[in-house]
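Notes to accompany the following structure.
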Number of protein chains: 2
Amino acid sequence: MTDLTRTFAALSDPTRLTMVERLMAQGELPAGALVAGFRISAPAVSRHLRVLREAGLIHQRAAGTHRYYAVRPEAMQSIARWTMDHRSFWEGSLERLDNLLALNPDTMDTA
Amino acid sequence: MTDLTRTFAALSDPTRLTMVERLMAQGELPAGALVAGFRISAPAVSRHLRVLREAGLIHQRAAGTHRYYAVRPEAMQSIARWTMDHRSFWEGSLERLDNLLALNPDTMDTA
DNA sequence: TCGTTATTTAACGCAACAGTTAATTAAAGT
DNA sequence: ACTTTAATTAACTGTTGCGTTAAATAACGA
């Protein structure tokens with residue numbers, strides 16, 4: 001399993017995808033705050049966080065009894081880089097996407 | 001399971017990710033050509049192609065006994081759109097993370 | 001110290017996944 | 001019509017993934 005397939009696997013679960021989106025939107029959050037947002041048990045959330053952490057998607061910071069989680073930008077960048085690496089394949093019908101996003105993919109940093 | 005999680009699930013298998021990459025690089029290919037590139041059996045390849053097709057990642061064209069497969073650009077675009085939707089989170093933040101790591105290595109999880 | 005809070009780990013059940021070989025469908029070639 | 005080729009579906013097996021509840025770990029406050 002490559003790093004990228006592990007990243008995709010981590011994001012293939014709806015709960016985990018939502019977690020990552022919430023962490024990106026709201027910034028660093030403790031595990032408990034994430035538990036509150038889902039109907040699954042705390043241990044289930046903890047396991048999801050572990051999967052995300054082991055896939056390199058999030059990072060953990062301990063403070064007292066709390067564990068704060070945040071998305072690692074590098075993980076998102078590796079996905080962006082992969083899509084951009086194959087841009088020439090799908091850019092043919094990109095106009096619609098460009099119009100929707102009003103962005104220029106050429107400005108993306110691929111370092 | 002949302003469309004996007006299904007897309008990520010389809011790409012979470014190394015064989016399928018490689019298939020998609022080969023189809024993007026080489027264009028439309030018959031199933032047999034893909035079988036040749038892997039050590040798994042033809043039925044296994046066929047199943048992978050079905051998963052990719054049901055996830056909307058590839059499209060099938062029948063010609064005689066051959067089934068030609070090709071990546072659907074829209075699938076790649078939906079990934080690109082998701083990453084771009086969260087671009088403000090990850091763009092240009094690589095240096096910041098590196099600085100954090102250099103300053104507080106013990107706060108960083110190394111799993 | 002003791003009980004409470006935050007979070008993870010342990011143990012277990014069940015559904016889904018990926019691989020195999022055997023059988024099936026379907027189009028071509030002879 | 002018969003055989004070969006291309007590909008899929010069927011049936012079975014071992015593994016992985018996600019959920020649960022119960023137990024463990026660790027820091028906090030009284």
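Keep in mind that what you see is a predicted model, and the values were worked out from it rather than measured. Reminder, nothing fancy here: chain letters follow the sequence lines and each chain counts from 1. As a basis for the values below, the full set of heavy atoms in this structure was taken, side chains included, without hydrogen atoms, waters or symmetry mates.
- In the region residues 15-23 of chain A, proximity to DNA chain D at under 4.0 angstrom, judged on heavy atoms, holds for A/Arg16.
- For B/Thr15, the side-chain contact (heavy atoms from CB on, under 4.5 Å) test picks out B/Asp13, B/Met19, B/Phe38, B/Ile40, B/His48, with sequence neighbours left out.
- Between A/His48 atom NE2 and C/dT9 atom P the separation is 15 Å, expressed in whole Å.
- Summarising the geometry, the separation between CZ on B/Arg39 and C1' on C/dA18 is reported as 17 Å, rounded to the nearest angstrom.
- Rounded to an integer number of Å, the gap from A/Ile40 CD1 to D/dG19 C1' is 8 Å.
- Considering only residues two or more places apart in sequence or on other chains, B/Gln60 meets the side-chain contact (heavy atoms from CB on, under 4.5 Å) condition with B/Arg53, B/Arg67, B/Tyr69.
- Below 30°, between 30° and 60°, or above 60°: for B/Trp82 and B/Phe8 the angle between ring planes is above 60°, a perpendicular geometry.
- B/His59 meets the ring-ring contact (aromatic ring centres under 6.0 Å, His included) test with no other residue; sequence neighbours excluded.
- For B/Glu54 and C/dC17, the CD to P distance is 10 Å, given to the nearest whole Å.
- Applying the side chain to side chain donor-acceptor pair (under 3.5 Å) test to A/Arg22 and every residue at least two apart in sequence or in another chain returns nothing.
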What one-letter contact string describes nucleotides 4-10 of chain D from 5' to 3', where B marks a base within less than 4.0 Å of any protein heavy atom, S marks contact via sugar-phosphate atoms alone, and - marks no contact? --SSBB-
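- With sequence neighbours left out, the side chain to side chain donor-acceptor pair (under 3.5 Å) criterion links B/Arg47 to no other residue.
- In this structure, B/Phe38 places its CZ atom 13 Å from P of C/dT20, rounding to the nearest Å.
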Side-chain donor-acceptor pairs of residues 25-36 of chain B under 3.5 Å, sequence neighbours excluded:
{"unit_1": "B/Glu28", "atom_1": "OE1", "unit_2": "B/Arg61", "atom_2": "NH2", "d": "2.9"}
{"unit_1": "B/Glu28", "atom_1": "OE2", "unit_2": "B/Arg61", "atom_2": "NE", "d": "2.7"}

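- Shown here are the salt bridge (Lys or Arg N to Asp or Glu O under 4.0 Å) partners of A/Glu21, two or more places apart in sequence or in another chain: there are none.
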